[in-house]
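Below is one structure, written out as structure tokens, with a few remarks after it.
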Amino acid sequence: MTRGSRTLRLVVTALFPLLAASGHAHAVQIPAGDGARTQFPAAEDRATAQPAGPAQDAVVRETELDRQVKEVSAELRCVVCQGLSIQDSPSTLAQEMRGVVRERLIAGDSPEQVKVFFVERYGEWVLLKPKASGFNLVVYLLPIAMILAGAAFVFLKARSWTRAAPADGGPPA
Amino acid sequence: MIRLIGLSACIAALAVASYGVVAATVGVKRREAALVRSARSAAYTNFGLMTLANLAMIYGLITHDFSIDYVAQVGSRATPLFFTIISLWSSLEGSILFWGWVLSFYTALAVWLTGPKLGSLGAYANATMLGVGIFFYILLVGPANPWGLVSPAPMDGPGPNPLLQNHWLMGVHPPLLYLGYVGMTVPFAFGIGALLSGRLDDTWLRVTHRWTVAAWGFLSLAIVAGMWWSYEVLGWGGWWAWDPVENASFMPWLTATAFMHSAMVQERRGLLRVWNMSLIISTFLLTILGTFLTRSGIISSVHAFSEGPIGMYFLAFIAVVLVFSLVLLTGRSNELRSEGHLDTMVSRETVFLVNNLLLTAFTFTVLLGTMFPLVAEAFRGEKVSVGAPFFNQMTVPICVMLLFLVGVGPMLPWRVADLKEFRRKARLPLIALVLTLVVTIALGMRNIWGIIAFAFAAWSATANLQEFAQGTAARRRAGGGGWIGSLFGLINANPRRYGGYVAHLGLIMSAIGMTGSSVLQSDIVSTLRPGQSVELRGYNVRFDDLQAIDEPHRFVVLANLTVLIDDDVAGRMDPRLNYYRTRGEEAITTPSVRSRAHQDLYVNLLAFEQDGSTATLHVIVEPLVVWIWIGSFVVAFGALITMVGGRRRTRPPPAPRRQTLVGQEA
Amino acid sequence: MNWNRSLIGIGVALPIIALLAYGMTVDPNELPSTMPGRDAPEFALRVMDSAPPDTVRLADHRGDVVVVNFWASWCLGCRDEHPDLSQTATRYEERGVKFYGVIYNDTEGNARSWIRDMGGQAYPSLVDTRSRTAIDYGLYAVPETVIIDQLGRVAHKQIGPITARQLSDIIDPLLANPPTAETTGGDDGQADADTIDAPRDAEPENGSGDGAKS
């Protein structure tokens, strides 16, 4: 049973008949999209950005909070897409999860507390960077150990090859 | 009818390849030249058979012959012709069929070009390539048989995966990837041939040099085409997610890069013979591992094909290849013992040793990170994820060191480095390095790795360009003539060396693009009503309205946007969401990208209100990102230069040389 | 050839093969839930099509077994499990088991017509604005079903479609043997190890402890 097929399957086909009527019309009734947000019309639902003011051509700029949300979101795994962070994933659930990150940061949680919040609900699996403790240290330390051991080995090897140099310095036949 | 032709061709290919392996092996053992010759014919015959099978499938796809299992799986009458043809590799069975064709092509070409003169080495190499082929032909008549009969044939099919029919790059990336992956079979086969035949000198290396470079060039292009596709289709503005399947394509590239450098050390100094053999075996194994990861469902990935019994076949194949080649390698390691030496600890050779160390550590880190979820589950019983934040933290330092070495290698001569000479050569690159440091910091850059990466890129670019400049100048002094003519003359006189430097320059371009687009990126998500706009780094993106387009195979929702710079209309953009009719899955995004040399403006449509009253946009500014793509073409061009034309020297003249005329060494 | 040395080759190859073979036995898509054994997150959700708007609060159901099913009209697995859920809900109605659907990432209009197409739903469906409740329950995808015991703890979380049989296998023991505060103490053999398959810690919600291990 693959999760992906279950999750992402959308009965889009049901939507298309609606469209046949609208044809190429301009900005007409658009059927429910990927469900992304279409169902919740209230403006305060915009989790990811402040809705621009009602009438004027408001311009939206990035805030310090935006940057913090991004930092935390980049380390949390999007649970439906399985490779991307919720920061990168355009999927609906990831958008909502970014909204949760924002809400918790506004509520005064530290970035670390926000991560704990998600680990409690989804398990350690939700962290894209494993906690550097216990058995997980293997994945952090082994490459470093390897590079050090390799450097020592290469150095010793190179020195022994240098010493093996014949007096005339000529290459082997 | 066409179904039976295709199926028979696959069965025949299996039989012919099996015969070829036996004939080559027995032929060498019994010294029967006729048998060995017939094995060569088997390679040609297989190419014919696989070509036939692939043409049969393409014919089936174009004529919508839904009685063929595979066509019923991926075909659809509404899909445009181009995507119908490339759906040959859009699903598991078809991709194996295509793989079989590429492999038979490489096998036949390698057998034809190397000719019979290599004797037992060539015969065993042929047997190895045919042996690898047997595995794929078994898949084609067994668990990945695309030729099953569907009866009664349906009137229409679901069409290929929407992600794979959304962009023309899907017509480019998979073939390039297969040309790269499968191409590594050739040097591997000759390596194994050398081990089997006991001809352990450098013959196999010299024979396969161009094959490795070709496969490496294809792989480079394929990886970047994959990045580009991610960028253009997936809609998150990135080009690399450290997904297991991306890693799988990257690891053989790393080991092959190490191999191309260390092979030069063996050719010139007779060193690293066991190491080179290990590298090419690893490279081949990593290509198979990559295929295994994509097709077994062992590790979850966005790119994974369906799961199925095929994973067990791949596992068995990996086990056989691993045991077979490691037993051969360790068994022969005494006979492979190095017979060379180094003159000093500071020379191009030692830079290559460091290069190999770093590339190996890089590969190991990526491999460990990719497999670690499995390891953690086995030993700890806990599911963990290893994703982009981990890989970036661990590999960026390695990348930066490699970027520095790209400049060091070309400035150091083979054998003995004259430090005074090095200091003279390093002056200009050092100035470039310091200048870049000052400028980036002055411009307000604060990301330490970004600053270092730019500085090292400047160092290496200057170092490599300087080689061209000095070489050309020396040639002009010696022979007169114009700059352009001298430059071409220089490259032509030593294509392998200067092609390599061209590849270096391409790599540096890509590195600059990667650094710029990740470190200097900024983005914002905003929900806008018609007429409202969002501002980012001097761009003002105005949402005009939503539009719906009804196409035969999909339904498109697009947001019409106007881009303003300093209140002047600079252009229009239209990010889209595509709903494919034939597959009930989530919308496929098509971001709108405005590319310029200094930066891209990238807009993705995340969501919209049904009545058109709002659109949620993800606006990203990515500096320098086009240089990743441009760099990959330069890399491939460099690889091409090293392969074509010119004489190839494999050993330096016997006498040790101090300062030589630049541009004359191999 | 030196065959003794080649044993090294086999020694290197075997662990790699073993790891990959192990990989074939595990499903990377199968994710454990951290929820079972923990206090179920509170929610207060509007009942769809209720006039005047009616709100369901989990807190009001202490002492009842509550079954919460996350679903959507675009989800195929939800179609499969729908008859089982509706029948089971009817069967357990008089025994005080409460069933609720929670609509995930869908429009009310779509949800309404889906219920109509499926021939009705035996229990109310709740509207989960912005998926907050879904995220609180660690939802990966629909369908998922959470069974909450009389003490308000998660007794079971089903990922994927659930059957009538599975439902009654979990609900029956809870009804027959209602968990009490003591049974969570840990020394009681009759605490249902089969259904409560996580350490029995009844700590408050912030217990970031070992609840994850299962």
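So you know, we letter chains A, B, ... as the sequences are listed, proteins then strands, and number each from 1. Only heavy atoms go into these numbers, but all of them, side chains included; no hydrogens, no water, no symmetry mates.
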message: Let's test your reading of the structure: which of B/L368, B/N604, B/V386 forms the most heavy-atom pairs below 4.5 Å with chain A?
response: B/L368
- request: Find the one option among B/L353, B/N356, B/L271, B/T344 whose heavy-atom pairs under 4.5 Å with chain A are most numerous.
  value: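 Heavy-atom pairs under 4.5 Å are most numerous for B/L271.
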- request: Among the options A/D88, A/I147, A/V139, pick out the one with the most heavy-atom pairs lying under 4.5 Å from chain B.
  value: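 Top option by heavy-atom pairs under 4.5 Å: A/V139.
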field: B/E349 and B/S347 side chains, donor-acceptor separation under 3.5 Å
entry: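 Note: B/S347 and B/E349 side chains meet the donor-acceptor criterion.
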query: Is it the case that A/N136 and A/E124 place a side-chain donor and acceptor less than 3.5 Å from each other?
result: yes
Chain B heavy atoms under 4.5 Å from [X]: which part of the residue, side chain, backbone, both or neither?
| X | value |
| --- | --- |
| A/A151 | both |
| A/L127 | backbone |
| A/A74 | backbone |
| A/F155 | both |

message: Surrounding CZ of A/F153 (heavy atoms of other residues, nucleotides or ligands, distance under 6.0 Å), is the total greater than 12?
response: no
message: Tell me the closest heavy-atom pair linking B/S385 and A/P130, and the distance in Å.
response: O-CD, 3.4 Å
task: Assert yes or no for the condition that the ring centre distance of B/W239 to B/Y231 is strictly below 6.0 Å.
output: no
- prompt: Would you say the ring centroid of B/F372 lies under 6.0 angstrom from that of B/F390?
  reply: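 No, the ring of B/F372 stays outside the 6.0 Å limit from the ring of B/F390, centre to centre.
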query: Got a salt bridge between A/E75 and A/K115, using NZ or NE/NH1/NH2 to carboxylate O under 4.0 Å?
result: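 A salt bridge is present here (some side-chain N lies under 4.0 Å from a carboxylate O).
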query: Heavy-atom distance under 4.5 Å to chain A: side chain of B/V375, backbone, both or neither?
result: both
task: Identify which part of B/S613 has an atom lying under 4.5 Å from any heavy atom of chain A, answering side chain, backbone, both or neither.
output: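 For B/S613, no heavy atom lies under 4.5 Å from chain A.
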